[in-house]
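In this chain, numbering begins with 1 at the start of the sequence shown.
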Amino acid sequence: MIRLDKVSFSIETSAGAVQVLRDIDLQFPDGSITAIVGPNGSGKSTLARLISGLLCPSSGVVALVDEGTASPPGRRVCPGVDVGLVFQNPDNQLVATTVEDDIAFGLENLSLSHAEMVNRVDDALDMLGLREFRAYPPHRLSGGQKQKVAIAGVLAMKPAFLVLDEATSLLDPSNRQEVMRAVFDLNRELGIGVIVVTHLLDEVLGTSRMVVLAGGIVIASGEPRDVFAAEDSVRCGGLVPPLSARASRLMQLRWPDFPLCLDVDEFVEAACLLS
């Protein structure tokens with residue numbers, strides 16, 4: 001489990017210190033799927049880098065602890081091994097001259113056998129539909145294909161947690177669904193925890209918990225249905241509820257007991273029960 005205790009983060013500017021995050025208390029259980037959402041400038045990407053160990057907090061503790069442990073210290077998160085981070089811009093993490101070598105780059109630092117490295121690279125290529133591009137130089141790929149290579153390189157490391165920082169933003173809807181399906185399969189089959197920084201509702205609704213940031217603080221945390229039901233959290237977090245949720249609010253003006261629906265199937269089923 002990753003635990004954040006009173007975590008704050010500041011940056012120094014010419015005008016003085018600017019606090020990006022303050023007093024963040026969060027827990028990410030092993031095998032959980034969490035979405036982190038909020039308006040631009042709320043600190044989402046900074047939080048992702050703190051969770052993955054790429055940044056150290058100005059104050060507070062980010063630690064990997066055993067579930068059930070009453071208190072820290074635990075140990076510091078090891079980037080790449082404990083937590084793999086996929087950036088929004090794939091050019092920030094593509095380093096090799098071919099797709100195959102790029103996926104294998106991180107594995108070379110894990111002292112794996114050659115056979116294991118080959119198996120992991122092959123699995124990652126298949127998972128992201130990249131086998132036909134294995135010998136391609138990354139710079140010849142489209143933006144979406146580059147992102148899939150970056151994701152494959154992290155998945156091949158088989159970290160305990162996978163953090164996606166707007167990682168599907170360059171993909172078309174079909175490829176986005178394919179990538180997220182692969183990530184959720186990895187969670188289900190191997191128990192890898194998934195943390196998704198996103199503004200896409202289909203990714204939010206696919207998680208079991210969402211954390212809403214605004215102004216550098218956590219303003220809401222819970223199941224997506226509960227968060228979208230709290231109008232203050234929706235407004236302060238700059239969230240756009242799903243169309244079915246907005247339609248549900250309109251229905252509640254006439255039928256106060258009409259449930260909050262997060263997808264079309266739920267809405268249709270609830271509407272059919274009206275008498």
Side-chain angles (χ1 to χ4, degrees), residues 33 35-36 44-45 48-49 51-54 78-204 206-207:
I33 306 178
I36 298 175
K44 301 188 300 295
S45 291
R49 284 159 175 75
I51 292 170
S52 62
L54 293 185
C78 180
V81 178
D82 295 323
V83 180
L85 175 63
V86 180
F87 296 101
Q88 182 178 27
N89 185 349
D91 290 326
N92 291 338
Q93 59 192 113
L94 300 180
V95 296
T97 57
T98 67
V99 168
E100 183 177 35
D101 288 343
D102 201 277
I103 295 173
F105 179 80
L107 301 177
E108 295 173 350
N109 299 315
L110 298 183
S111 300
L112 300 175
S113 67
H114 178 72
E116 175 65 13
M117 289 177 59
V118 171
N119 288 336
R120 290 201 189 188
V121 170
D122 285 343
D123 288 344
L125 287 168
D126 289 338
M127 190 176 298
L128 276 303
L130 293 168
R131 183 171 285 273
E132 65 181 292
F133 300 108
R134 69 186 307 156
Y136 272 52
H139 72 268
R140 289 182 56 193
L141 301 177
S142 68
Q145 290 167 338
K146 287 181 181 180
Q147 190 64 288
K148 293 173 75 173
V149 173
I151 293 171
V154 172
L155 293 183
M157 301 280 286
K158 295 185 178 180
F161 284 85
L162 178 66
V163 179
L164 307 177
D165 186 7
E166 306 262 12
T168 63
S169 59
L170 298 181
L171 303 181
D172 59 45
S174 176
N175 281 326
R176 183 183 304 132
Q177 291 178 1
E178 180 182 349
V179 168
M180 294 308 298
R181 188 181 306 116
V183 170
F184 291 152
D185 285 346
L186 197 67
N187 167 267
R188 183 176 61 255
E189 295 170 7
L190 300 179
I192 293 178
V194 177
I195 301 170
V196 184
V197 177
T198 184
H199 63 279
L200 300 170
L201 285 177
D202 55 344
E203 295 180 4
V204 171
T207 65

Shortest non-hydrogen contact from Arg134 toward Leu125 = CZ-CD1, 3.6 Å
Can you check whether Phe87's main-chain N or O pairs, donor with acceptor, with Gln147's side chain at less than 3.5 Å?
-> yes
Closest non-hydrogen atoms of Val196 and Met180, given as atom of the first, atom of the second and distance, are CG2-CE, 4.1 Å
All pairs passing salt bridge (Lys or Arg N to Asp or Glu O under 4.0 Å) where residues 181-190 contributes a residue, at least two apart | Asp185-Arg188
Under the side-chain hydrogen bond (donor to acceptor under 3.5 Å, both in side chains) test, which residues partner Gln88, sequence neighbours left out?
-> none
Quick one: are Arg131 and Asp122 in side-chain contact, heavy atoms under 4.5 Å?
-> yes
Would you say the side-chain atoms of Asp165 pair up with the backbone N or O of Val86, donor to acceptor, closer than 3.5 Å?
-> no
Just how far is it from atom CD1 of Ile33 to atom CD1 of Ile195, taken to the nearest 0.5 Å?
-> 11.0 Å
Going from CD1 on Ile192 to CG on Leu162, what distance comes out if it is rounded to the nearest 0.5 angstrom?
-> 7.0 Å
Rounded distance [0.5 Å steps], CZ in Phe161 versus CG in Asn187 = 10.0 Å
Which heavy atom of Pro159 sits nearest a heavy atom of Gly84, and at what distance?
-> CB-N, 3.7 Å
So do Leu200 and Arg176 actually touch side chain to side chain, heavy atoms under 4.5 Å?
-> yes
Can you name the closest pair of heavy atoms from Pro79 and Gly53 and give their distance?
-> CG-O, 3.6 Å
How far apart are the C-alpha atoms of Arg120 and Leu110, what are their side-chain angles, what is the distance that settles it, and do they pass the side chain to side chain contact (heavy atoms under 4.5 Å, CB included) test?
-> CA-CA 12 Å; Arg120 290 201 189 188; Leu110 298 183; 4.2 Å; yes
Atom CZ of Arg140 and atom NZ of Lys146: how far apart are they, to the nearest 0.5 Å?
-> 12.5 Å
Criterion side chain to side chain contact (heavy atoms under 4.5 Å, CB included) on Val154 and Leu85, from CA distance to verdict | CA-CA 7 Å; Val154 172; Leu85 175 63; over 6 Å; no
For residues Val83 and Ile51, report the shortest heavy-atom separation together with the two atoms involved.
-> CG2-O, 4.0 Å
Return the minimal non-hydrogen interatomic distance between Val121 and Leu107, and the atom names on each side.
-> CG2-CD1, 4.0 Å
Atom pair OG1 (Thr98) and CD1 (Ile103), whose distance is rounded to the nearest 0.5 Å | 8.5 Å
Using atom types as modelled and distance alone, determine if a side-chain donor or acceptor of Arg49 lies under 3.5 Å from a backbone N or O of Ser45.
-> yes
Would one find more than 12 heavy atoms of other residues, nucleotides or ligands at under 6.0 Å from atom OH of Tyr136?
-> no
Those residues at least two apart in sequence (or on a different chain) that pass side-chain hydrogen bond (donor to acceptor under 3.5 Å, both in side chains) with Thr207 are none
Check: Gln145 side chain, Ser142 main-chain N or O, donor-acceptor pair, under 3.5 Å = yes
Just how far is it from atom CD1 of Ile36 to atom CD of Glu166, taken to the nearest 0.5 Å?
-> 11.0 Å
Can you name the one residue among Val183, Thr168, Val197 that meets side chain to side chain contact (heavy atoms under 4.5 Å, CB included) with Glu203?
-> Thr168
When you look at Leu164 and Val179, which way does the side chain to side chain contact (heavy atoms under 4.5 Å, CB included) test go after all the steps?
-> CA-CA 11 Å; Leu164 307 177; Val179 168; 5.6 Å; no
